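All values reported here derive from a predicted model rather than from experimental measurement.
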Amino acid sequence: MSVVLVLNADSGPLHRVSVRHAIRMLFREVAVVEEARPDDRIGVFPVPTIIRLVSYVVTRWRHSHGPAWSRAGVLTRDGRRCAFCGKPASTIDHVLPRSRGGANSWTNTVAACGRCNQRKGDRTPEEARMPLRFRPAAPSWAEAAAL
């Protein structure tokens, strides 16, 4: 099922929802269609690609700090590429291993292929002589919306 971009009343992006959820929002009249697929309809509603909320939703929380850490988020942030060799990645690796007090955070985790993850083991990249191709950083809300 495709996704629909939800804009705040001031036309700023909020998040994405399913087409089914978007239709429910249109039915409840909390949103209006900004952009729709031509000639596609679900009942009386056009199939939307972008909807805008009728009333403004305060999003102060979005400016305080970025999105919460997640494994899927790390893989997406790194483009599913290994931070050590550049090959396709399917796991995450802690720069400072968890056994040494490393946390699940944006700045301490990178995407890694299984081979590099196994080779690095319970060591730091310097100890394993496996330099990182980039420095991990926490994404902002704008970067997370673009992912």
Side-chain angles (χ1 to χ4, degrees), residues 1-28 30-31 33-40 42 45-53 56-147:
M1 186 174 270
S2 60
V3 294
V4 178
L5 176 64
V6 178
L7 303 176
N8 209 340
D10 66 350
S11 298
L14 277 179
H15 59 277
R16 293 182 175 99
V17 295
S18 67
V19 171
R20 185 176 183 169
H21 188 175
I23 295 295
R24 285 195 306 257
M25 292 172 74
L26 294 172
F27 182 76
R28 292 189 335 252
V30 297
V33 176
E34 281 289 311
E35 195 174 297
R37 290 188 212 149
D39 302 324
D40 273 351
I42 295 178
F45 298 107
V47 176
T49 55
I50 301 174
I51 60 174
R52 183 177 42 82
L53 296 178
Y56 182 78
V57 174
V58 178
T59 57
R60 253 181 260 122
W61 55 270
R62 295 187 92 176
H63 302 290
S64 58
H65 51 274
W69 178 90
S70 69
R71 288 177 180 271
V74 171
L75 289 169
T76 304
R77 177 197 67 188
D78 297 349
R80 291 194 165 274
R81 290 281 166 201
C82 179
F84 301 107
C85 68
K87 293 181 181 173
S90 58
T91 65
I92 64 160
D93 183 69
H94 291 80
V95 177
L96 177 64
R98 291 188 67 193
S99 63
R100 296 188 186 183
N104 285 339
S105 68
W106 288 108
T107 57
N108 190 48
T109 51
V110 293
C113 65
R115 184 172 180 223
C116 287
N117 200 349
Q118 195 71 26
R119 183 175 152 220
K120 180 180 165 288
D122 194 20
R123 300 177 289 179
T124 64
E126 293 79 26
E127 292 170 349
R129 295 190 182 134
M130 297 173 66
L132 290 170
R133 297 168 62 114
F134 60 89
R135 185 178 193 101
S140 66
W141 282 110
E143 292 167 340
L147 297 176

* **Trace of the side-chain contact (heavy atoms from CB on, under 4.5 Å) decision for Arg98 with Asn108** => CA-CA 10 Å; Arg98 291 188 67 193; Asn108 190 48; 5.7 Å; no

* Asked: How far apart are the C-alpha atoms of Arg37 and Ser2, what are their side-chain angles, what is the distance that settles it, and do they pass the side chain to side chain donor-acceptor pair (under 3.5 Å) test?
  -> CA-CA 11 Å; Arg37 290 188 212 149; Ser2 60; 2.5 Å; yes

* Check against side-chain contact (heavy atoms from CB on, under 4.5 Å), Arg100 and Thr124 -> CA-CA 10 Å; Arg100 296 188 186 183; Thr124 64; 3.9 Å; yes

* Asked: His94 and Asn104: side-chain contact (heavy atoms from CB on, under 4.5 Å), yes or no, with the steps?
  -> CA-CA 8 Å; His94 291 80; Asn104 285 339; 2.6 Å; yes

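Residues Thr109 and Arg71 form no side-chain contact, since every pair of their non-hydrogen atoms from C-beta on lies 4.5 Å or further apart. Taking the side chain as every heavy atom from C-beta outward, Cys116 and Lys87 never approach each other to under 4.5 Å. Contact annotation: the side chain of Lys120 approaches that of Pro97 to within less than 4.5 Å [non-hydrogen atoms, C-beta and beyond].
Rounded to the nearest 0.5 Å, atoms CG (Asp78) and CZ (Arg80) are 10.5 Å apart. Rounding to the nearest 0.5 angstrom, the gap separating the CD1 atom in Ile51 from the NE2 atom in His21 is 7.5 Å. From Cys82, atom SG reaches atom CZ of Arg115 across 10.0 Å, with rounding to the nearest 0.5 Å. The line from CD of Glu35 to CD1 of Ile50 is 4.0 Å long, rounded to the nearest 0.5 Å.
When all heavy atoms of Cys85 and Arg133 are compared, the closest pair comes out as O-NH1, 3.0 Å. Closest heavy-atom contact between Pro13 and Leu5: CB-CD1, 4.3 Å. Taking both residues in full, the closest heavy atoms of Thr107 and Ala137 are given as CG2-CA, 4.3 Å, listed atom of the first, atom of the second, then distance. Taking each heavy atom of Pro48 and Ala22 in turn, the nearest pair found is CG-CB, 4.0 Å. The minimum heavy-atom distance linking Ala111 with Val74 is given by the pair N-CG1, 3.8 Å. Counting all heavy atoms, side chain and backbone alike, Phe84 lies closest to Pro131 at CD2-O, 4.0 Å.
For the pairing with Pro125, the side chain to side chain contact (heavy atoms under 4.5 Å, CB included) check across Val95, Val110, Asp93, Leu96 returns one residue only, Val95.
Annotation for Asp10: atom CG counts as buried by contact number, over 12 foreign heavy atoms lying within 6.0 Å. The environment of Arg24 atom CZ is dense: over 12 non-hydrogen atoms of other residues, nucleotides or ligands sit within 6.0 angstrom. No more than 12 heavy-atom neighbours from other residues, nucleotides or ligands sit within 6.0 angstrom of CD on Gln118.
Under the 30°/60° scheme for interplanar angles, the aromatic rings of Phe27 and Phe45 are found to stand perpendicular.
The backbone N or O of Val57 lies less than 3.5 Å from a partner atom in the side chain of Asn8, making a donor-acceptor pair. The backbone N or O of Pro67 lies less than 3.5 Å from a partner atom in the side chain of Trp106, making a donor-acceptor pair.
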